[in-house]
Number of protein chains: 2
Amino acid sequence: MTEPDATAKRKRMSSGQRREDFITKAIAFFAEEGFESSTRGLARQLGVTQPLLYRYFPSKDDLILAVYDAVYVNRWRPEWEEILTDRSTSVEERLNTFYRVYTDVIFNREWMRIYLFSGLKGADINRRYMQLVRQRILEPIVAEARAEFGHPPSPATDSEIEFAWVMHGGIFYYGVRDLIYDSALETRKDRVVADAVAAFVAGLKIKLAKSVEAEHASEAQRTD
Amino acid sequence: MTEPDATAKRKRMSSGQRREDFITKAIAFFAEEGFESSTRGLARQLGVTQPLLYRYFPSKDDLILAVYDAVYVNRWRPEWEEILTDRSTSVEERLNTFYRVYTDVIFNREWMRIYLFSGLKGADINRRYMQLVRQRILEPIVAEARAEFGHPPSPATDSEIEFAWVMHGGIFYYGVRDLIYDSALETRKDRVVADAVAAFVAGLKIKLAKSVEAEHASEAQRTD
DNA sequence: GATTTAATTTGTCATTCGATAAATTAGTAT
DNA sequence: ATACTAATTTATCGAATGACAAATTAAATC
């Protein structure tokens with residue numbers, strides 16, 4: 001439709017290339033139209049007939065699983081975890097660096113809409129993804145902050161992780177507002193992230209200090 | 001299915017009652033199954049035949065519009081805005097009170113899933129809702145904070161509103177994690193809100209002070 | 001109890017859906 | 001050029017979809 005289709009009939013791709021092409025374009029298609037959209041509509045965008053899809057994927061659901069894999073698994077960068085634990089800079093700086101590169105990956109219409117659609121279709125995939133975020137991102141963040149603030153390295157409490165989740169979710173939701181609703185006011189992403197990170201770091205410092213206080217108090221009078 | 005259907009054939013509702021009943025149950029149905037689900041499936045849950053729906057709503061889309069109205073318009077409470085501007089207590093306390101009652105309304109699976117589904121179906125309704133949140137909730141919050149911190153009452157900057165959005169979005173996303181993904185760690189809602197609010201208030205105080213600094217500096221040397 | 005009104009169901013339509021089988025055709029090896 | 005292989009299309013199935021028209025039936029009115 002938009003493309004002039006240079007080689008009028010550019011048929012016969014190799015099996016591997018075609019499969020990759022299908023997945024790439026299926027991501028774009030499902031991101032816009034949702035997973036309930038027809039395989040015929042997808043085939044139209046692929047410039048191919050609908051039954052051909054079934055030579056590469058046994059069923060529509062299998063194609064969707066391949067899409068999940070391409071988005072959630074393949075786009076995850078192990079370096080992210082290294083950024084957060086590199087103690088040559090402050091936690092605040094590391095958080096800014098991390099969210100800069102992390103949002104470079106997830107702040108695009110495709111990723112976000114696939115994420116939202118998949119979450120509504122069935123919570124499992126998103127739950128798994130959120131567990132990954134928790135273990136690989138939020139737990140290290142809290143642990144590193146504890147260390148920097150001079151607290152003993154005990155496992156993060158649920159309440160602390162949840163506090164990190166609120167920052168993370170706030171930044172994520174900023175992306176949703178910007179990329180899905182075109183409603184972001186401040187478009188300088190790095191500035192929004194910097195403000196959120198600064199508030200989180202300062203907030204966590206206070207929160208950790210308070211929990212130490214509370215612990216001392218309860219230790220003194222043996223009360224919960 | 002779950003209900004034993006007490007009055008085996010409880011037919012003939014009044015037009016008004018039936019319409020209300022349809023909308024109420026359509027909210028629950030579409031929240032679970034999505035707006036693409038069939039009118040026959042909905043009719044089954046209503047204990048009624050499918051064509052009857054078309055005596056009350058000209059089309060499926062009209063029914064969906066009625067659902068939007070019931071969720072977004074009818075559940076909005078004007079008192080919310082009063083809570084935020086009641087200067088007999090601190091801004092932090094007001095924010096805690098507000099988010100307590102606000103989340104009492106929107107933190108339920110139905111509301112949240114309808115919100116997410118409608119946002120993916122077409123951004124308009126959600127954009128309108130977000131504009132309402134901005135004008136009636138976030139603008140007042142920033143204005144009240146400015147006043148409490150002794151700043152002159154100038155209109156909130158985009159960056160300040162965005163900062164408030166990040167708190168709001170963080171709290172919202174906490175609800176999503178809790179109610180849609182069953183993945184909230186800290187289930188004491190009020191505690192999560194209190195932490196988020198405290199970090200926001202402290203963060204905004206610093207942010208406002210910084211922007212005053214920057215303004216003075218630029219005034220002194222006539223530079224942007 | 002007969003009549004009227006309006007709520008509800010039965011029956012049906014043209015489309016669209018995911019999926020399969022069989023026919024075709026492009027590219028490669030001989 | 002011929003034969004073979006694999007990519008792709010054509011044709012088609014049964015089920016499900018939104019919507020409409022006509023028949024039915026419960027409840028209100030007389």
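All chains are named by letter (A, B, ...) in the order of the sequence lines, taking the proteins before the strands, and each is independently numbered beginning at 1. Just so it is clear, the structure is predicted and the values come from calculations on it, not from any experiment.
As rounded to whole Å, 15 Å separates atom P of C:dA7 from atom CG of B:L53. Spacing between atom CG of A:L63 and atom C1' of C:dC17 amounts to 15 Å, rounded to whole angstrom units. Atom CD in B:E33 sits about 15 Å away from atom C1' in D:dT17, given to the nearest Å. Protein atom CZ of A:F57 is 13 Å distant from nucleotide atom P of D:dT8, rounded to whole Å. Remark: P of C:dC17 and CG of A:L42 are 12 Å apart, rounded to the nearest angstrom. Between the C1' atom of C:dA6 and the CG atom of B:L52 lies a distance of 11 Å, rounded to the nearest Å. What separates CZ of B:R18 from P of D:dA27 is a distance of 12 Å, to the nearest Å. Atom C1' of nucleotide C:dT8 and atom CG of B:L46 are separated by 13 Å, given to the nearest angstrom.
Side-chain contact, A:S118 with A:Y72: a donor N or O sits under 3.5 Å from an acceptor N or O. Side-chain contact check for A:D178 and A:S183: no donor-acceptor pair (N or O, by modelled atom type) lies under 3.5 Å.
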- Should A:E82 and A:R77 be marked as a salt bridge (charged side-chain N to carboxylate O under 4.0 Å, His left out) after you check the CA-CA gap, both sets of side-chain angles, and the distance that decides it? CA-CA 10 Å; A:E82 293 164 21; A:R77 295 274 78 89; over 6 Å; no
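Expressed to the nearest 0.5 Å, how far CZ of B:F57 lies from OG1 of B:T39 amounts to 12.5 Å.
Remark: the backbone N or O of B:E32 is paired with a side-chain donor or acceptor of B:R113 at under 3.5 angstrom. The backbone N or O of B:F30 sits nowhere less than 3.5 Å from a side-chain atom of B:E33 that would complete a donor-acceptor pair. Checking side-chain atoms of B:R94 against main-chain N and O of B:L84 turns up a donor-acceptor pair under 3.5 Å.
Residue contacts for B:S15: at a heavy-atom cut-off of 4.0 Å it reaches the sugar-phosphate backbone alone, with no base atom in range.
Closest to the A:S38 side chain, of the nucleotides C:dC17, D:dG18, D:dT9, is C:dC17. The nucleotide whose nearest atom lies closest to any side-chain atom of B:Y56 is, among C:dT10, D:dG18, C:dA7, C:dA7.
With the 3.5 Å cutoff on both pairing distances, Watson-Crick and G-U pairs in DNA chain C assemble into runs of at least 3 at C:1-30 with D:1-30.
Of the two residues near DNA chain C, B:V48 and A:F35, the one whose nearest nucleotide lies more 5' is B:V48.
A:K189 and A:D104 are joined by a salt bridge, as a carboxylate oxygen and a charged side-chain nitrogen come within less than 4.0 angstrom of each other.
Relative ring orientation between B:Y173 and A:F172 is described as tilted, the plane-to-plane angle lying within the 30° to 60° band.
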- Task: Starting at the 5' end of nucleotides 19-30 of chain C, put B wherever the base has a protein heavy atom under 4.0 Å, S where only the sugar-phosphate does, and a dash everywhere else.
- Result: BBB---BBS---
